J.: 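Have a look at this one.
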Amino acid sequence: MMITKEIPDLDLGQISRSGQCFRMRQIGEDTYALIAFGRYLEVRQEGERISFSCTEEEFEKIWRGYFDLDTDYGRIKQAVDPADAYLQAAVRLGGGIRILQQELWETIVTFIISQRNNIPRIKKCVDMLCRAFGKKDVDFRGEMYDLFPTPEALAGVSEKDLRDCNLGYRAPYIHKTARMVCDGTVDLGQLHTLDHGAARQQLRRFCGVGEKVADCICLFALHHMEAFPVDTHIQDMLRKYPGGFPFERYEGYAGMIQQYAFYYELFGERNLV
DNA sequence: CACCAGGACGTTT
DNA sequence: AAACGTCATGGT
């Protein structure tokens, strides 16, 4: 149960480092393990040949959508202004990033955790949460792994138990948010049917979800490619456009441009551009 | 509208 | 070793 596909514009290392998915880890030189939609997957990359540890059926059902394989990222990159030295450099560095289509509940919680936090620590917190409150399952080798805890699981534990996962002041945010999902205050299923403005408005009702986190959830779980989360790194980037960033040029997919810029701010050479 | 606490730790100096 | 910063938000 190993299938191989030819996939352009995809770099597992870049996706793993890009900080949109906190449950993807490197387990070998070119191999990554991730857990999503109740499945454990190992993915290996050799150039454009990507191997998936699953059946063809599972690939079509889950991973084609998860890795956003029906979006043409080559076309998006070609649309970047050739005269824009900054974005050209950003695309050169992070051209293998894709916008994953992750699970909504997990994305809500992980991006509440992400606020005022760094990527290595976010991953640790998420691992601890899954270890403590997630259902256990076995992978294709028979090894145990932890699913992401359900809203019911997180609403059912004490705030202190959440704090023990090093969530700090985010513990009450997550507890309240879990309860709001369980009691139906916000309908997660319905969120998938809303447009960007309406979804963002609903997400803002959760405790601990502000403008930035709401946009991350829209981009990484609801696949609103127009969502443009502005954090401290993107603020730095925007300052490099004294005449204003050309949002109108990238209408409908500014979120993808945001990801290239975010990655470049984090991993690009400091003295370049 | 302008602060500022709250937590813990990765990163840089 | 010590200061600095981290994919912000809610409360005052």
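Numbers restart at 1 for each chain; the letters A, B, ... are given by sequence-line order, proteins then strands. Keep in mind it's a predicted model, so treat the numbers as computed, not measured.
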J.: Nearest whole angstrom, please: distance from the P of dT6(C) to the CD1 of Ile234(A).
T.: 13 Å

J.: Indicate, with a heavy-atom threshold strictly under 4.0 Å, whether Phe22(A) touches base, sugar-phosphate, or nothing.
T.: nothing

J.: Can you check the Gln20(A) CD to dC7(C) C1' distance for me, whole Å?
T.: 11 Å

J.: Please give the distance between the C1' atoms of dT12(C) and dG6(B) as a whole number of Å.
T.: 14 Å

J.: Would you confirm whether the ring centroid of Tyr264(A) sits within less than 6.0 angstrom of the ring centroid of Tyr86(A)?
T.: yes

J.: Would you say dT6(C) has OP1 or OP2 under 4.0 Å from some side-chain N or O of Thr232(A)?
T.: yes

J.: Ser18(A) near the nucleic acid: base, sugar-phosphate alone, or nothing, with a heavy-atom cut-off under 4.0 Å?
T.: base

J.: Let me know the distance between CE of Met256(A) and C1' of dC7(C), rounded to the nearest Å.
T.: 15 Å

J.: Compare the minimum distances between each of dG10(C), dT11(B), dA8(C) and the side chain of Pro120(A), then state the nucleotide with the smallest one.
T.: dT11(B)

J.: Evaluate the side-chain proximity of Pro8(A) to Tyr73(A): yes if any heavy-atom separation is below 4.5 Å, no if none is.
T.: no

J.: Relative to the 5' end of DNA chain C, which residue comes earlier, Phe220(A) or Gly208(A), by the nucleotide with the nearest heavy atom?
T.: Phe220(A)

J.: Take the protein atom CD1 of Ile108(A) and the nucleotide atom C1' of dC7(C), then report the distance between them rounded to whole Å.
T.: 17 Å

J.: Select one nucleotide: of dC7(C), dC9(B), dA8(C), the one nearest the side-chain heavy atoms of Asn166(A).
T.: dC9(B)

J.: Cys207(A) side chain: which of dC9(B), dG10(C), dC7(C) is closest?
T.: dG10(C)

J.: At 4.0 Å (heavy atoms only), tell me whether Cys125(A) reaches a base, stays on the sugar-phosphate, or touches nothing.
T.: nothing

J.: Nearest whole angstrom, please: distance from the C1' of dC9(B) to the CD1 of Ile113(A).
T.: 15 Å

J.: Determine the interatomic distance between P on dC7(C) and the same-named atom on dC4(B); round to the nearest Å.
T.: 23 Å

J.: Students often get this wrong, so: under 4.0 angstrom with heavy atoms, is Pro229(A) touching a base, only sugar-phosphate, or nothing?
T.: nothing

J.: I want to verify a distance call: between dA8(C), dC9(B), dC7(C), whose nearest atom is closest to the Tyr169(A) side chain?
T.: dA8(C)

J.: Round to a whole Å and report the spacing from NE2 of His233(A) to P of dT11(B).
T.: 12 Å

J.: Does Phe22(A) have its ring centroid less than 6.0 Å away from the ring centroid of Phe220(A)?
T.: no

J.: When you get a sec, tell me which of dC7(C), dT9(C), dG10(B) is the closest nucleotide to the side chain of Gln259(A)?
T.: dC7(C)

J.: Quick check for you: to the nearest 0.5 Å, what is the distance between Gln102(A) atom CD and Cys21(A) atom SG?
T.: 4.5 Å

J.: Look at all strands and tell whether Val209(A) reaches a base, only sugar-phosphate, or nothing, counting heavy atoms closer than 4.0 Å.
T.: sugar-phosphate

J.: Quickly work out the Leu167(A) CG to dA8(C) P distance and round it to whole Å.
T.: 16 Å

J.: Taking only the side-chain heavy atoms of Arg204(A) (C-beta and beyond), determine which of dC7(C), dG10(C), dA8(C) contains the nearest atom.
T.: dG10(C)

J.: Any idea which of dA8(C), dC9(B), dG10(C) is nearest the Tyr173(A) side chain?
T.: dG10(C)

J.: How many Å lie between CZ on Arg116(A) and C1' on dC4(C), as a whole number?
T.: 10 Å

J.: Just to confirm, is there a sub-4.0 Å distance from OP1 or OP2 of dC7(C) to any side-chain nitrogen or oxygen of Asn118(A)?
T.: no

J.: Which heavy atom of His175(A) sits nearest to which heavy atom of Leu154(A), and what is that distance?
T.: CD2-O, 3.5 Å

J.: Let's go through Tyr145(A) and Cys130(A) carefully: what are the C-alpha distance in whole Å and the side-chain angles of both, what is the deciding distance for side chain to side chain contact (heavy atoms under 4.5 Å, CB included) to 0.1 Å, and is it a yes or a no?
T.: CA-CA 9 Å; Tyr145(A) 67 93; Cys130(A) 295; over 6 Å; no

J.: Nearest to the side chain of Gln115(A) - dA8(B), dG10(B), dA8(C)?
T.: dA8(C)

J.: Across all strands shown, which nucleotide pairs with dC7(C) by Watson-Crick or G-U wobble geometry, both distances under 3.5 Å?
T.: none

J.: Taking only side-chain N and O atoms of Lys176(A), does any of them lie within less than 4.0 angstrom of OP1 or OP2 on dG10(C)?
T.: no

J.: For a quick check of understanding: with a heavy-atom distance under 4.0 Å over all strands, which category does Asn117(A) fall into, base, sugar-phosphate or nothing?
T.: base

J.: Does the plane of the ring in Phe67(A) sit parallel, tilted or perpendicular to the ring in Trp63(A)? Use 30° and 60° as the thresholds.
T.: tilted

J.: Does Glu211(A) reach a base, just sugar-phosphate, or nothing at all? Heavy atoms under 4.0 Å.
T.: sugar-phosphate

